[in-house]
Peer 1: 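Structure in structure tokens, see below.
What you see is a predicted model, and the numbers here were worked out from it, not measured in a lab. Just the heavy atoms: all of them, side chains too, but no hydrogens, waters or symmetry mates, feed the values below. Below, chains carry the letters A, B, ... as their sequence lines are ordered, and counting in each starts from 1.
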2 protein chains.
Amino acid sequence: MSISMRPSQALRLWQQVMLSQVRGGEPDLTMRQTAILLTIYLDPPPHTVRGLAARLNVTKPVITRALDTMGALKLVSRHRDELDKRNVLVRRTVEGALFVERFGDGIVVRAHELPI
Amino acid sequence: MSISMRPSQALRLWQQVMLSQVRGGEPDLTMRQTAILLTIYLDPPPHTVRGLAARLNVTKPVITRALDTMGALKLVSRHRDELDKRNVLVRRTVEGALFVERFGDGIVVRAHELPI
DNA sequence: GCAAATTGTTTCGCTTCCGTTTCAGTTTCG
DNA sequence: CGAAACTGAAACGGAAGCGAAACAATTTGC
């Protein structure tokens, strides 16, 4: 059974979640950064710069810079791949897992609060 | 009857919507910009810089700059309030309405495609 | 063994954004 | 009338983003 919603409900949900994030002072991530973060936390590892760039259809420097920023925020971490030292493996962090978990819970709450 | 979803579904929905936006080459809005845009299109007018700043709990220059960027993208427009010339009224545009409409439809589609 | 290919980062010039402060224009009100 | 209040924008130095191109480090394959 899939999830059904009308476009007006979908937009209202998005607005409420965005407002709660902004008002709560959470990091002001871009859509690209959000896509990268959620891909790292939802898709099975390993995650490489190249793989993420292909998944998002963006260039590699876009991934590098997003990892710089989210790394500074402790949302993800980087580690050299010991088997193929050209690769960088992107890993989850405790802080990032908590952030994503809170984010998901927030969506659920806002969805529940939606008017009919 | 409210909308029910599990956190894992909510996160997967968010990921799929973000991925489709990024891959589709849509403007890479930040959470703040998204919150502003949706507030303008979902909440009843009039919308002023001050009002939006209060709604998002951010400073006025944040709103001014976001309107600069989204104005350049033709997603919103600014007009001086003739009744109180200190105010700037933020208005919707045809392009912005189409963008928001496509966005909402995209969410609905991704929600429908979600695994159980 | 060594050129070619692959990976992720860095550099370039430029744009956008930040928070804070300052400013110009307008309205309010004593 | 004129001072105070209010609104949105501009100025400031700094941080972070962009695409394109060049770059080191590593692996592949002849």
Peer 1: Hey, what do you get for CZ (B/Phe99) to CZ (B/Arg92), rounding to the nearest 0.5 Å?
Peer 2: 15.5 Å
Peer 1: Hey, what's the ring geometry for B/Trp14 with A/Trp14, parallel, tilted or perpendicular (30° and 60° as the breaks)?
Peer 2: parallel
Peer 1: Within the distance-only criterion (no hydrogens, no angle test), does the side chain of B/Thr48 pair as donor or acceptor with the backbone N or O of B/Asn87 below 3.5 angstrom?
Peer 2: no
Peer 1: Output the rounded distance in Å from CG (B/Leu83) to P (C/dT28).
Peer 2: 11 Å
Peer 1: Quick one: B/Ile63 CD1 to C/dT20 C1', roughly how many Å, whole number?
Peer 2: 16 Å
Peer 1: Contact class for A/Thr48 (heavy atom, under 4.0 Å): base, sugar-phosphate, or nothing?
Peer 2: sugar-phosphate
Peer 1: What's the CG-P distance between B/Asp28 and C/dT16, to the nearest Å?
Peer 2: 13 Å
Peer 1: By nearest heavy atom, map A/Pro61 and A/Asp81 onto DNA chain D; which one lands nearer the 5' end?
Peer 2: A/Pro61
Peer 1: Quick check on the hydrophobic clustering: are B/Leu73 and A/Met31 connected, directly or via other members, by side-chain heavy-atom contacts under 4.5 Å?
Peer 2: yes
Peer 1: If you look at every strand shown and take non-hydrogen atoms under 4.0 Å, does A/Lys60 touch a base, only sugar-phosphate, or nothing?
Peer 2: base
Peer 1: Categorize A/Thr69 for me: base, sugar-phosphate, or nothing, with a 4.0 angstrom heavy-atom threshold over every strand shown.
Peer 2: sugar-phosphate
Peer 1: May I have the distance from A/Leu52 (atom CG) to C/dG8 (atom P), rounded to whole angstrom?
Peer 2: 9 Å
Peer 1: Tell me which nucleotide among C/dG8, C/dC18, C/dT21 gets nearest to the side chain of B/Val62.
Peer 2: C/dC18
Peer 1: Indicate, with a heavy-atom threshold strictly under 4.0 Å, whether A/Arg65 touches base, sugar-phosphate, or nothing.
Peer 2: base
Peer 1: Given atom CG of B/Asp68 and atom P of C/dT16, what is their separation to the nearest angstrom?
Peer 2: 9 Å
Peer 1: According to a strict under-4.0 Å criterion, is B/Arg32 in side-chain N/O contact with OP1 or OP2 of C/dG19?
Peer 2: yes
Peer 1: Hey, is the side chain of A/Arg50 poking within less than 4.0 Å of OP1 or OP2 on C/dT7, counting only N and O atoms?
Peer 2: yes
Peer 1: Find the distance B/Glu82:CD to C/dG25:P and express it as a whole number of Å.
Peer 2: 16 Å
Peer 1: Select base, sugar-phosphate, or nothing to describe what B/Asp84 touches, counting heavy atoms under 4.0 Å on all strands.
Peer 2: sugar-phosphate
Peer 1: If the cut-off is 4.0 Å, is A/Thr64 near the phosphate of C/dT9, judged by side-chain N/O to OP1 or OP2?
Peer 2: yes
Peer 1: Give the first and the last nucleotide of DNA chain D, reading 5' to 3', that has any atom under 4.0 Å from a heavy atom of chain A.
Peer 2: D/dA16 to D/dT27
Peer 1: Ignoring hydrogens and angles, tell me if any N or O in the side chain of B/His47 forms a donor-acceptor pair with the backbone of B/Ile40 under 3.5 Å.
Peer 2: yes
Peer 1: Do you see a donor-acceptor pair shorter than 3.5 Å between the side chains of A/Gln9 and A/Arg12?
Peer 2: no
Peer 1: Write down the distance between CZ (B/Arg86) and C1' (C/dT28), rounded to a whole number of angstrom.
Peer 2: 7 Å
Peer 1: Quick test of your reading of the model: are A/Arg55 and A/Asp43 salt-bridged, counting only N-O distances below 4.0 Å?
Peer 2: yes
Peer 1: Using only side-chain N and O atoms of B/Asn87, determine if any of them is under 4.0 Å from OP1 or OP2 of C/dT26.
Peer 2: no
Peer 1: If the cut-off is 4.0 Å, is A/Arg78 near the phosphate of C/dT9, judged by side-chain N/O to OP1 or OP2?
Peer 2: yes
Peer 1: What's the spacing between A/Arg65 CZ and A/Lys60 NZ if we round to 0.5 Å?
Peer 2: 12.5 Å
